[in-house]
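Working notes, structure below.
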Amino acid sequence: MQSFRTEIENPVVEKDIIELEKKIRLFQEGKVDEERFRSLRLARGVYGQRQPGVQMIRIKIPYGRLTARKLRRIATVADTYSTGKLHITTRQDIQIHYVKLEDSPQLWAELEKDEVTLREACGNTVRNVTASELAGIDPEEPFDVSPYADAFFKYFLRNPVCQEMGRKFKVSFSSSDQDQAFSFMHDLGFIPKIKNGQRGFKVMIGGGLGAQPIHAQVASEFLPEDQIIPFAESILRIFDRYGERAKRFKARFKFLLNKVGLEEVFRLVEEEKEALPYHSYPIAAEDFPFPVLPSYSERESVEIDDLELYDSWLKSNVFEQKQAGFFGVKVKVHLGDFSTDTARELSDIIEELSGDDFRLSINQGMVLRFVRKEDLPILYTKLKGLNFADPGYDSTADITACPGTDTCNLGISSSTGVSKVLESLIKEKYSSLIYNTDLKIKISGCMNACGQHSIAAIGFHGSTLKVKDKVAPAMQVLLGGGIIGNGDAAFAQKVIKLPSKRIPTALSYVIEDYEDHKEEEERFYQYFQRQGKKYFYQLLKPLAQTQTLTQEDFLDWGHEESFVAEIGVGECAGVVIDLVATLLFESEEKLDRAKENLQSGQFANAIYHAYAAGVNAAKATLVQHQISTNTLAKIVEDFEEQFVESEKINFKQSFRSFIYQAKKEKPTQEFAANFVLEVQDFLHLIQEFSLAKYE
């Protein structure tokens, strides 16, 4: 491994990066278990990819907000450590691929010079907080949600409550009732509201996509703005304690909510309140920085070579902001992929012609902001030079797709290959659909929905078809998804599985059927509901016949060799193998963090780290005696029954009452100091008990 230099001014960030470098070294020396190491690196944005020996690095871009300087920094890092290619995700992150594991700490250190982080971009944490890319300039918004998304991101980054949960946790902020950030599919979704002159949010809770999409429930029609952080922290504490940990596919918050019900969740929220560090957390939205605007100067005149195309771009990609005299410009980025050279040129354009605050979107595009009307022609010309001026942003012609089999371990069949073919089909045969923002097409390489196929009007996810002794690449067709607004939506339904090479024909069937038979102003999800699933099954059934398959049908899009289904082990869940020595070591680390928090006056954090250390130590004992558990709450109950009540361990009080002081006591300095010392004594007791078993 090369010599490591951080040169980071923030000591917290520097310590984090040094810890990653240290654990990589220990892992490569065989001193850290592979599965435990996976959990640590995932929480630092380092994700295994389909190709062995290299990593995908996910760069966290909170609510998609970037500046020209940050984009240049990302481009430089990608050139140095990756392949010079950038990918925008459906969670407003940027991913780079083919990075050596040992390079990731230095890569992270380079990013942090411009305050760009990898922390908690993957793993069992609060993932990137997303928001409408129009936030702050949306003519329909009650107020700008950007300051609230920013405060949420900063508050929960490195927060002890959400470092090692059972699974990931996703949060969104929509800018208006149009719900462009999809609150209904998030663990926590916020829609801005004003009630009696006060700012607040409609709160959606317990949504999710994946193989089993579940619509979020309404937790509150109006939660005052100062309550969103305390409420969210209570929810995260509940999820951390009671969320499933053994069964990966049941480990999302949506399953916990479905199991216990909304009323019980509210009761548990009330139970957590006493231990929260804040019962009110005001957010100073007025202090949120206004973007640096370009200086006004006489621009060079430009001649538009294709006025019809320019008019299409103006109509589909440009809108007037709520700030009079300024325009937002939507940039369609095919599949979210662009080069570092393009990124640098774009940075120059942004500084010259727009506000230095642009947003990545959840449909893998971008929105430039604060463009003057007189600058639109020259901006169009410059964007066209980057192939960034295609009309049809967020329309039928702007397909969302995950990387699929290109790099992902879980990809089954190609999502990027078929998306390119479908976009070409739409451009050539259905060009008027560049203005249709209802008939959305979304594609995922597997059923896990990273391409958000479950909410598409027309969705596809990767699959296979077995035909005698051969396997053909296939796509599951889903129809009828759509955003209704204000937290409501229709999920797409599975209709039929088709060979991948027949998907373009299937798309033509669906589009033409809809255009021929829809009623006036009838949206596609409404048309689907009116006609019914069986109607569309019969429409597409002829394409499912396997007797007429040709050799071409056994080749996936973009491939010349016969299709082979190769599915690796996904890392989204951060599943780990619990070893006793590792668990006890981690308990010591958590206790050390508790002492650091105590020293710095962060009493609530100190208490939670100590609580986590205690539960972790109890878990080590259960693991050592081959007692399996599936939640932290179950660890507490089983340890109480198996070791305290049975007096196998000489613990002079109820472990349940002892450890749950963390959720019942106010986070004062006195309690925090005493609790940390008591947990330290408990950890020593467990260590002695563990060693005694082997003597």
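- What you find for L256 and G243 is that their closest heavy atoms are CD2-N, 4.1 Å.
- Ion pairing between E19 and R41 fails under the 4.0 Å rule for side-chain N and carboxylate O.
- Smallest separation of non-hydrogen atoms from R167 and F239: O-CE2, 3.6 Å.
- Residues meeting the salt bridge (charged side-chain N to carboxylate O under 4.0 Å, His left out) test with R267, sequence neighbours left out: E264, E271.
- The shortest side-chain heavy-atom distance between I235 and F253 falls under the 4.5 Å cut-off.
- When side chains are defined from C-beta on, V171 does not count as touching F156, because their heavy atoms never get closer than 4.5 Å.
- The shortest side-chain heavy-atom distance between L66 and I94 falls under the 4.5 Å cut-off.
- Every residue two or more places apart in sequence or in another chain that forms a side chain to side chain donor-acceptor pair (under 3.5 Å) with K590 is listed here: E164.
- Between the side chain of Q661 and the backbone N or O of F658 there is at least one donor-acceptor pair closer than 3.5 Å.
- The neighbour count for Q198 CD, taken as heavy atoms of other residues, nucleotides or ligands under 6.0 Å away, is above 12.
- A 4.5 Å side-chain heavy-atom check between S172 and V129 finds every atom pair outside the cut-off.
- Taking the salt bridge (charged side-chain N to carboxylate O under 4.0 Å, His left out) definition, one finds that E286 meets it with nothing, sequence neighbours left out.
- In E29, the CD atom is crowded: over 12 heavy atoms of neighbouring residues, nucleotides or ligands sit closer than 6.0 Å.
- Residue S174 comes nearest to A181 through the heavy atom pair OG-N, 3.1 Å, listed as atom of the first residue, atom of the second, then distance.
- Between the CG atom in N616 and the CG atom in L632 there is a gap of 8.5 Å [rounded to 0.5 Å].
- Separating the CG atom in N650 from the CD atom in E688 is a distance of 10.5 Å, to the nearest 0.5 Å.
- Counting only distance, with no hydrogens or angles, the side chain of N128 and the backbone of R91 share a donor-acceptor pair below 3.5 Å.
- Relative ring orientation between Y278 and Y155 is described as perpendicular, the plane-to-plane angle rising above 60° on a 0-90° scale split at 30° and 60°.
- In this structure, S132 OG and Q92 CD are separated by 8.0 Å, a value rounded to the nearest 0.5 Å.
- Of the inter-residue distances, the one linking L268 atom CG with K273 atom NZ reads 12.5 Å to the nearest 0.5 angstrom.
- Between L107 and L118, the closest side-chain pair of non-hydrogen atoms falls below 4.5 Å.
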Return a table of donor-acceptor pairs under 3.5 angstrom between the side chains of residues 188-197 and protein atoms on other chains or two or more places apart.
residue : atom : partner : partner atom : Å
K193    : NZ   : D177    : OD1          : 2.8
K193    : NZ   : D177    : OD2          : 3.3
K193    : NZ   : N486    : OD1          : 2.8

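- The minimum heavy-atom distance linking I96 with A78 is given by the pair CG2-CB, 3.9 Å.
- Using a 4.0 Å cut-off between charged side-chain N and carboxylate O, R25 and E21 make a salt bridge.
- Atom CD1 of I137 and atom CZ of R359 lie 8.0 Å apart (nearest 0.5 Å).
- For R158 and D16, the salt-bridge test passes: some basic side-chain N is under 4.0 Å from an acidic carboxylate O.
- Going from atom CZ of F358 over to atom CD of E133 covers 13.0 Å, rounded to the nearest 0.5 Å.
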Intermediate values then yes/no, ring-ring contact (aromatic ring centres under 6.0 Å, His included), F682 and F639: CA-CA 13 Å; F682 174 73; F639 185 83; 5.7 Å; yes

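- A heavy-atom distance below 4.5 Å is not found between the side chains of E637 and F655.
- Side-chain contact between I649 and T621 is present, with heavy atoms from C-beta onward closer than 4.5 Å.
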Derivation of the ring-ring contact (aromatic ring centres under 6.0 Å, His included) call for F671 and F603: CA-CA 9 Å; F671 172 68; F603 304 130; over 10 Å; no

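- When all heavy atoms of G355 and L293 are compared, the pair lying nearest together is CA-CD2, 4.1 Å.
- D103 places no side-chain N or O within 3.5 Å of a backbone atom of V99 that could act as its donor or acceptor partner.
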Steps toward side-chain hydrogen bond (donor to acceptor under 3.5 Å, both in side chains) verdict (S600, Q602): CA-CA 6 Å; S600 61; Q602 297 174 293; 3.1 Å; yes

Would you mind writing out the side-chain donor-acceptor pairs for residues 218-226 within the sub-3.5 Å range, not counting sequence neighbours?
residue : atom : partner : partner atom : Å
S220    : OG   : F222    : N            : 3.1
S220    : OG   : F222    : O            : 3.1
S220    : OG   : L223    : N            : 3.4
E225    : OE1  : Y148    : OH           : 2.4
D226    : OD2  : S280    : OG           : 2.5

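- Using a 4.0 Å cut-off between a side-chain N of Lys or Arg and a carboxylate O of Asp or Glu, K254 and D187 do not qualify as a salt bridge.
- Listed by first and then second residue, the ring pair (Phe, Tyr, Trp, His ring centres under 6.0 Å) pairs that reach into residues 101-138 come to none, sequence neighbours excluded.
- Here the side chain of E244 pairs a donor or acceptor atom with the backbone of K247 at under 3.5 angstrom.
- Not a single donor-acceptor pair under 3.5 Å links the side chain of R593 to the backbone N or O of A606.
- Residues that satisfy the salt bridge (charged side-chain N to carboxylate O under 4.0 Å, His left out) test with E586, not counting sequence neighbours, are R36.
- For D144, the side chain to side chain donor-acceptor pair (under 3.5 Å) criterion is met by S146, not counting sequence neighbours.
- With sequence neighbours left out, D93 forms a salt bridge (charged side-chain N to carboxylate O under 4.0 Å, His left out) with no residue at all.
- Checking side-chain atoms of H609 against main-chain N and O of D592 turns up no donor-acceptor pair under 3.5 Å.
- Of the options N159, V161, L598, a side-chain contact (heavy atoms from CB on, under 4.5 Å) to N605 is made by N159 and by none of the others.
- At distances below 3.5 Å, not a single donor-acceptor pair connects side-chain atoms of E120 with backbone N or O atoms of R44.
- Using a distance-only test at 3.5 Å, with no hydrogens or angles considered, a donor-acceptor pair links the side chain of S234 to the main chain of P230.
- Using a 4.5 Å heavy-atom cutoff, the side chains of Y608 and D240 are in contact.
- The side chain to side chain donor-acceptor pair (under 3.5 Å) pairs that include a residue from residues 638-649 are K634-D638, E640-S654, where partners are two or more places apart or lie in different chains.
- Judged as a ring pair (Phe, Tyr, Trp, His ring centres under 6.0 Å), the pairs with a partner in residues 11-30 (not counting sequence neighbours) are, in order, F27-F37.
- In plain terms, the two heavy atoms of E141 and L134 that are nearest each other are OE1-O, 3.9 Å.
- The side chain to side chain donor-acceptor pair (under 3.5 Å) test applied to T117 returns E112, not counting sequence neighbours.
- Residues R237 and E272 are paired through a salt bridge, judged by an N-O separation under 4.0 Å between the basic side chain and the carboxylate.
- Counting only distance, with no hydrogens or angles, the side chain of R127 and the backbone of F169 share no donor-acceptor pair below 3.5 Å.
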